[in-house]
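Note: hydrogens, waters and symmetry copies are ignored here, and every other heavy atom, side chains too, is used. Every value quoted in this text rests on a predicted model; they were computed, and no experiment measured them. Proteins get letters first, then strands, A, B, ... in listed order; numbering begins at 1 in each.
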2 protein chains.
Amino acid sequence: MDIVTTTSPDRPARRDATRNRAALIDAAMVELRDDPDASLDAIAARAGLSRRAVYGHFATREDLVLTVVEAGAARIAQGIGTVDTDDSRVAIATIGARLWASVSHVRVMADLAVRGPYRSTVAAALAPIRRTLRDVIEDGVSRGQLRRDIPPAVVARLVEDAALTVLGEATRSGIDDDHAARLVMLAGLSGAGLGWQEAGLVVDETLRNGLVNA
Amino acid sequence: MDIVTTTSPDRPARRDATRNRAALIDAAMVELRDDPDASLDAIAARAGLSRRAVYGHFATREDLVLTVVEAGAARIAQGIGTVDTDDSRVAIATIGARLWASVSHVRVMADLAVRGPYRSTVAAALAPIRRTLRDVIEDGVSRGQLRRDIPPAVVARLVEDAALTVLGEATRSGIDDDHAARLVMLAGLSGAGLGWQEAGLVVDETLRNGLVNA
DNA sequence: ATTATCTTGCACACGACTGTGCAAGATCGT
DNA sequence: ACGATCTTGCACAGTCGTGTGCAAGATAAT
């Protein structure tokens, strides 16, 4: 009946317990993506557990969602890592490609960020990632590589949303990974103000340099 | 206690009744934009009425929401009207500018389209508008005016989402109408694959031709 | 001023969800 | 095989939302 803490239990947790905990977080991701107000019943059922068992791992429903959000943000941030280039356009393309590698996590966060009582929580968790993107863009503007007609903050949003839109379309249509990653890169660069031909060149260069899998 | 029908009451409705009905729809728009699951209590309160009074105008909560959705879609479609030009880029810019004129309605619909049990309903109501945009884009692609690197259907989504993103940012920051309309046009054209300089030229041309207020 | 038309306030039934207690059963660790 | 650790199932309290009935009050129309 004790809550299995995520940090350091007094005594090591049982193996099935940790497995079930992970299954719950996983199930919550899937379920919350469809419906941010999904019931604990639905989440527990998907994890193959009873609703009652959830309270053995998380104090409240909010506690579970918070865990999902933080885990998701962490995995996205880790998936992006650091981008080592002077060309902000290449950086944007690289981030886009790496984003595709974390699609499932990204989409959950994106949906949760829009609505529900967790908007602010999710926004806070995503703040570091957004800061990275914004830094890249501001840098690109000051170097004359990116558009000057729209404020950098708004450009950051445009890049973000364009990538998310394509992320959604790509998962929906089920195209292959290479094609999807390319689409995400192209969309992000469009938001950044590049014409589609130029964006294509940047994507090619990015792929050639092997920065994506750094 | 009878429900005031929107089409043709047996006998004309009382003046305050129709006013209250409009107030309810208005309040629902505002409230649903913040929270698609807003309670009838919250909506009625904003309209200056009691929850019980709502049932004098709408049979169920769903009936009210449906009315809001259809009214919103109709006003947006009417706001866009028809665009008379052979240049699909100018057409996109024009639509963007006119979209700004219907911001409040557009944003409600956009938020409702994302989540909640009304996704499909809203999608159906918006279908004609989306078809217009898609036709413009497919036409533009076949004339060599628009990008060929991304499927037209996805491009349509990109244009739509870019415009909505800027619509949100513009309302949030409260800039003036001319500036906002320009941003919306630029964002839409970016999604369509234009570079930001070229997009600027198209916007200037569109404004010069006076197509926006046709 | 009188009638028909709303609106209100309260009552209630109903459903969906959260969070908790407890006993019995299943599973793991050793 | 034994004890500690999960999990289950059920019962229950509490909250919040919808939809309805009804009597009393407010407002508009003529």
### Query
Under 3.5 Å, is there a donor-acceptor pair between the A:His105 and A:Arg75 side chains?
yes
#### Entry: Near-strand residues of residues 23-41 of chain B, defined as heavy-atom separation under 4.0 angstrom from DNA chain C
none
If the condition is side-chain hydrogen bond (donor to acceptor under 3.5 Å, both in side chains), which residues does [X] pass it with, not counting sequence neighbours?
{"X": "B:Asp149", "answer": "B:Arg147"}
{"X": "B:Thr94", "answer": "none"}
{"X": "A:Asp35", "answer": "A:Arg115"}
{"X": "A:Arg61", "answer": "none"}

Can you name the side chain to side chain contact (heavy atoms under 4.5 Å, CB included) partners of [X], sequence neighbours left out?
{"X": "A:Glu70", "value": "A:Leu66"}
{"X": "B:Arg107", "value": "B:Arg33, B:Val103, B:Thr171"}
{"X": "B:Ala93", "value": "B:Met185, B:Leu189, B:Val202, B:Thr206"}
{"X": "B:Ser104", "value": "none"}

Let me know the distance between [atom1] of [X] and [atom2] of [N], rounded to the nearest Å.
{"X": "A:Tyr55", "N": "C:dC22", "atom1": "OH", "atom2": "P", "result": "17 Å"}
{"X": "A:Glu62", "N": "C:dC17", "atom1": "CD", "atom2": "C1'", "result": "15 Å"}
{"X": "B:Phe58", "N": "C:dC6", "atom1": "CZ", "atom2": "P", "result": "14 Å"}
{"X": "B:Arg21", "N": "C:dT7", "atom1": "CZ", "atom2": "C1'", "result": "16 Å"}

### Task
Look at B:His57 and C:dT7 and indicate whether a side-chain polar atom (N or O) is within less than 4.0 Å of OP1 or OP2.
yes
### Task
Check whether any side-chain heavy atom of B:Leu99 lies under 4.5 Å from a side-chain heavy atom of B:Ile76, and answer yes or no.
yes
### Query
Is there a donor N/O on one and an acceptor N/O on the other, under 3.5 Å, for the side chain of B:Arg52 and the base of D:dG21?
yes
### Contact list for residues 159-183 of chain A, test salt bridge (charged side-chain N to carboxylate O under 4.0 Å, His left out), sequence neighbours left out
A:Arg130-A:Glu160, A:Arg157-A:Glu160, A:Glu169-B:Arg157, A:Arg182-A:Asp204
### Message
I need a per-nucleotide contact map over nucleotides 25-30 of chain D, read 5' to 3'. Cutoff is protein heavy atoms under 4.0 Å; write B for the base, S for backbone only, - otherwise.
### Response
--BSS-
### Query
What's the closest nucleotide to the B:Asn20 side chain, out of C:dT7, C:dC6, D:dT7?
C:dT7
### Task
Enumerate the residues from residues 42-51 of chain A whose closest heavy atom to DNA chain D is under 4.0 Å, giving them by residue number; use none for an empty result.
A:Gly48, A:Leu49, A:Ser50
